[in-house]
Amino acid sequence: MGIQEQYKALQEEVGKVCESCGRDPRDVMLVAVSKTVGADEIVEASQAGALDFGENRPDDLLEKYDAMPQARWHFIGNVQSRRISDIVPKSFLIHSVYKVDHLAKIDAAAKEAGKIQNMLLEINSGEESKGGLDPDMSFGFLAAARRLPNIRMCGLMTMAPQGDLDVARACFANLRALRDEILDMGVVDDTYFNELSMGMSEDWREAIAEGATIIRVGRAIFSGDFA
Ligand SMILES: *Cc1c(COP(=O)(O)O)cnc(C)c1O
């Protein structure tokens, strides 16, 4: 299958999985993670209907944004302080913020760019090698973010450990419970704080079953690993 066929097959499968768990497919955004491919493959995916693309390196984000500024670009990689002013003007949504120290800089960069920056708080799902904040620390982070006028916190993101779908599903259930707890505590603006960015090529089905509103899929679209 080519990229267009794979994208369409994935979309169809997403629809079926949503149906099987009683969810509306329009409530699940599919972000095509294009970090391993170039502009030609991105154009192909967009021809199949892809609107949202994810990148994890600032230089790639800038280059691919310029190749297709009409798409919505998601930054899903490690945020480095010195690259914030590059990332912010190009990002529709930054999925991977978790350092309180970065908030003021993102707020300033958003102001400079004349935008409100949509962001998700990345939560660590137990692997020390991965980024993300300890769930217990999320309340303090969100209270700090709320004081900044050019930042909009839209929800949570996590990466589950790979290799065991039951473990992944438990991580996703925990993320949903954390979002609901945060909403109950009233530390965020509940008009926006509803997104759960969780699920990749291997585990997006489990993520949808646990309430994902955004799935981030790379290999299943771009490298023929669609299963
Ligand atoms: C690469 C990546 C993905 C996509 O992973 P696949 O296994 O290729 O679907 C999703 N989220 C993040 C943060 C990534 O870095």
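Read the numbers this way: they start at 1 and go in the same order the structure lists the ligands and their atoms. Treat the numbers as computed from the prediction; the structure is a model and nothing was measured. All residue numbers in this chain count up from 1 along the given sequence.
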Before giving the answer on side-chain hydrogen bond (donor to acceptor under 3.5 Å, both in side chains), spell out for Asn118 and Glu195 the whole-Å C-alpha distance, their side-chain angles and the decisive distance to 0.1 Å. CA-CA 11 Å; Asn118 295 318; Glu195 307 297 338; over 6 Å; no
Between Gln117 and Asp107, is any pair of side-chain heavy atoms under 4.5 Å apart? no
Could you identify the single nearest non-hydrogen protein atom to atom 5 (O) of ligand 1 and state the distance to 0.1 Å? Met200 CE, 3.8 Å
For atom 6 (P) of ligand 1, tell me which residue out of Gly54, Ser96, Gly77, Ser201 has the closest non-hydrogen atom. Ser201
For ligand 1, find out whether one of its N or O atoms is nearer than 3.5 Å to an N or O atom of Glu202. no
Between His95 and Phe75, ring centroids under 6.0 Å: no
Counting each atom of ligand 1 from 1 as listed, which ones have a heavy atom of Val217 under 4.0 Å away? 9 (O)
Rounded to the nearest 0.5 Å, what separates atom CZ in Phe172 from atom CZ in Arg205? 12.5 Å
Has ligand 1 got any nitrogen or oxygen that is less than 3.5 angstrom from a nitrogen or oxygen of Gly218? yes
Does Lys35 have a heavy atom less than 4.0 Å from any atom of ligand 1? yes
Going by salt bridge (charged side-chain N to carboxylate O under 4.0 Å, His left out), Arg169 matches just one of Glu202, Glu210, Glu206. Which one? Glu210
Lys35/Glu55 salt bridge by N-O under 4.0 Å criterion: no
Checking side-chain contact (heavy atoms from CB on, under 4.5 Å) for the pair Asp101/Ser81: CA distance, chi angles, key distance, verdict? CA-CA 9 Å; Asp101 292 354; Ser81 185; over 6 Å; no
Just jot down the ligand 1 atoms closer than 4.0 angstrom to any heavy atom of Met159, in number order. 13 (C)
Quick test: of every protein heavy atom, which one is nearest to atom 12 (C) of ligand 1, and how far off is it to 0.1 Å? Ile76 CD1, 3.5 Å
In terms of residue, atom name and distance, what is the protein heavy atom nearest to atom 8 (O) of ligand 1? Arg219 N, 2.8 Å
Within ligand 1, which atoms have a heavy atom of Arg216 less than 4.0 Å away? 4 (C), 9 (O), 10 (C), 11 (N), 12 (C), 13 (C)
